Amino acid sequence: MRIATFNVNGVNGRIDLLADWLGETSPDVVCLQELKAPEEKFPAARLEKAGYGAIWHGQARWNGVAILARGCEPIETGRGLRGDPEDMQSRYIEAAVRGVLIGCLYLPNGNPQPGPKFDYKLAWMERLIARAADLIGLDEPVVLAGDYNVIPTDADVYKPERWKDDALMQPESREAFFRLTAQGWTDAIRHLHPDERIYTFWDYWRNAFGRDAGIRIDHLLLNPVAAKGLKSAGVDREVRGREGTSDHAPAWVELEDR
DNA sequence: ATGACTGATGGAATCAGA
């Protein structure tokens, strides 16, 4: 079972790119972030034609998350994170697909820091940690996949000095990320590739992809049951080199079928 | 230190992204 996450950076603007990639790699489950589409403009019909059922949580202009399932409908188990009734941003959606629980998340960027956006990021991380604590010990596989907007270590960035003042690399952001993983989650890509330079994001500026000036911020965290079945993990970085692409590349894991 | 690039909205310029 192949589970992927892709910050598509505008699901309508890149629907052809998305459909091509789906056709080429046939993931069983896809977590999408940055839909940049309100609820009613999600391209559900087009994705159904591509063979995917979907649930989504849209928002005008920004944010937005979705879960796609090949050949079936995801069974939604929740949207949004408890703990802040004032939070209107569409950043978390959760569903069961063929016996696997999938949490799809778009963690706040948090720049500039310090400031209210950084405070929101850290508070959101606490709410994610609370939800993750509910899920870590389940008897079925759980995958928390998405754009975490956290560079976990200096091995996950081409030039740490360039990002040292950025919200993605602050000690507070990293500390919260490691407190999350310390519950028992496995960072699948880093687990299988401990010594490789692996990136999932390259900005649009200054030929960042051409120079491989990237960062690793899209992660798939596995609970112990899911980690037991982990076969492989990687990044479809070739997608980042295409015409009119997202600034993120898809990341994925392959789990043994249960 | 700054800016470069991009999508969405709306029909220009701005916001947000990372």
Side-chain angles (χ1 to χ4, degrees), chain A residues 5-21 31-43 46 56-66 87-92 104-122 124-125 128 145-174 176-177 197-219 235 237 239-251:
Chain A
T5 179
F6 187 17
N7 179 322
V8 71
N9 188 13
V11 71
N12 286 304
R14 296 192 216 285
I15 188 65
D16 291 333
L17 181 95
L18 176 60
D20 287 348
W21 170 73
C31 295
L32 295 177
Q33 303 88 33
E34 277 209 84
L35 302 179
K36 293 185 173 179
E39 200 72 8
E40 65 277 12
K41 287 194 179 167
F42 183 80
R46 176 71 189 275
W56 62 94
H57 193 192
Q59 183 180 331
R61 287 169 184 253
W62 304 298
N63 307 322
V65 285
D87 186 3
M88 293 299 132
Q89 301 191 27
S90 299
R91 293 181 176 276
Y92 185 82
C104 169
L105 63 108
Y106 176 42
L107 205 147
N109 174 294
N111 281 306
Q113 72 79 30
K117 292 191 173 182
F118 190 58
D119 296 341
Y120 173 68
K121 178 190 189 114
L122 296 179
W124 201 94
M125 292 185 84
L128 176 64
D147 177 358
Y148 281 73
N149 272 318
V150 175
I151 300 169
T153 74
D154 287 357
D156 300 305
V157 50
Y158 72 104
K159 191 192 270 190
E161 315 89 81
R162 155 75 179 79
W163 291 84
K164 74 174 170 46
D165 294 326
D166 196 284
L168 278 59
M169 224 180 81
Q170 288 314 293
E172 296 94 330
S173 309
R174 287 179 161 178
F177 182 78
R197 307 294 297 191
I198 298 176
Y199 305 133
T200 64
F201 170 91
W202 300 258
D203 72 38
Y204 288 122
W205 307 333
R206 296 169 301 184
N207 188 33
F209 186 62
R211 296 183 295 119
D212 199 23
I215 57 178
R216 191 175 73 93
I217 57 174
D218 299 87
H219 310 301
V235 176
R237 58 174 283 145
V239 173
R240 178 62 182 79
R242 296 186 187 181
E243 190 83 18
T245 196
S246 169
D247 39 8
H248 295 249

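Since we're looking at a predicted model, the values are computed, not measured. These numbers come from the heavy atoms of this one structure, side chains and all, not from hydrogens, waters or symmetry mates. Residue numbering restarts at 1 for every chain, and letters A, B, ... go by the order of the sequence lines.
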Residues A:Lys117 and A:Asn111: side-chain donor-acceptor under 3.5 angstrom = no

Test log, rule salt bridge (charged side-chain N to carboxylate O under 4.0 Å, His left out), inputs A:Asp20 and A:Arg14 = CA-CA 10 Å; A:Asp20 287 348; A:Arg14 296 192 216 285; over 6 Å; no

With heavy atoms under 4.0 Å as the rule, sort A:Arg216 into base, sugar-phosphate or nothing.
-> nothing

Locate the shortest heavy-atom distance separating A:Pro250 from A:Trp21; write the atom from each residue and the value.
-> CB-CZ2, 3.4 Å

Indicate whether OP1 or OP2 belonging to B:dA18 is found under 4.0 Å from a side-chain N or O atom of A:Asn7.
-> yes

Provide, to the nearest angstrom, the distance between the CD atom belonging to A:Gln33 and the C1' atom belonging to B:dA18.
-> 14 Å

Expressed in angstrom and rounded to an integer, what is the separation of A:Arg206 atom CZ from B:dA1 atom C1'?
-> 12 Å

Nearest-angstrom distance, P atom, B:dA4 to B:dA13 = 16 Å

Determine yes or no for a side-chain-to-main-chain donor-acceptor pair under 3.5 angstrom, with A:Gln170 supplying the side chain and A:Lys164 the backbone.
-> yes

Which part of the nucleic acid does A:Asn149 contact within heavy-atom distance under 4.0 Å: base, sugar-phosphate only, or nothing?
-> sugar-phosphate

Distance between the P atoms of B:dG17 and B:dA12, in whole angstroms?
-> 26 Å

Given the P atoms of B:dG10 and B:dT6, what is the spacing between them in whole Å?
-> 22 Å

A:Tyr148 and A:Phe177: which non-hydrogen atoms are nearest, and at how many Å?
-> CD2-CE1, 3.7 Å

Has A:Arg162 got a side-chain N or O lying under 4.0 Å from the OP1 or OP2 atom of B:dG3?
-> no

Taking atom C1' in both B:dG3 and B:dA18, compute the distance separating them and give it to the nearest angstrom.
-> 14 Å

Quick one: A:Leu168 CG to B:dA16 C1', roughly how many Å, whole number?
-> 14 Å

Tell me yes or no: between the side chains of A:Tyr92 and A:Asp87, is some donor less than 3.5 Å from an acceptor?
-> no

Looking for any heavy atom pair under 4.0 Å, which part of the strands does A:Tyr106 touch: base, sugar-phosphate only, or nothing?
-> sugar-phosphate

A:Arg240 CZ - B:dA18 P separation (whole Å) | 13 Å

Does a nitrogen or oxygen in the side chain of A:Asn109 sit under 4.0 Å from OP1 or OP2 of B:dG17?
-> no

Phosphate OP1/OP2 of B:dG17: any A:Lys117 side-chain N/O under 4.0 Å = yes

Among A:Asp218, A:Thr200, A:Thr5, the one residue meeting side chain to side chain donor-acceptor pair (under 3.5 Å) with A:His248 | A:Asp218

Tell me what A:Asp147 touches on the nucleic acid: a base, only sugar-phosphate, or nothing, going by heavy atoms under 4.0 Å.
-> sugar-phosphate

Neighbours of DNA chain B within residues 150-161 of chain A, by heavy-atom distance under 4.0 Å = none

Separation of atom CD in A:Gln113 from atom P in B:dG17, rounded to whole Å = 15 Å

What's the CD-P distance between A:Glu243 and B:dC5, to the nearest Å?
-> 15 Å

Shortest non-hydrogen contact from A:Ser246 to A:Phe6?
-> CB-CE1, 4.0 Å

The complete set of side-chain hydrogen bond (donor to acceptor under 3.5 Å, both in side chains) pairs with one or both residues in residues 205-216 of chain A, sequence neighbours excluded, reads A:Asp156-A:Arg216, A:Asp187-A:Arg216, A:Trp202-A:Asp212, A:Asp212-A:Arg237, A:Arg216-A:His219

Rounded distance in Å - CG (A:Asn63) to P (B:dC15) = 17 Å

Kindly say whether A:Ile151 contributes a backbone atom to a donor-acceptor pair with the side chain of A:Arg174 at under 3.5 angstrom?
-> yes

Counting distance only, does the side-chain N/O of A:Arg91 pair as donor-acceptor with the main-chain N or O of A:Gly64 below 3.5 Å?
-> no

Give a yes/no answer on whether the side chain of A:His248 brings an N or O atom under 4.0 Å of OP1 or OP2 in B:dG17.
-> no

Any chance you could list the contact pattern along nucleotides 6-14 of chain B? Use B for base contacts, S for sugar-phosphate-only contacts and - for none, protein heavy atoms under 4.0 Å, 5' to 3'.
-> SBSS-----

Can you tell me the distance, in whole Å, between the CG atom of A:Asp165 and the P atom of B:dT2?
-> 12 Å

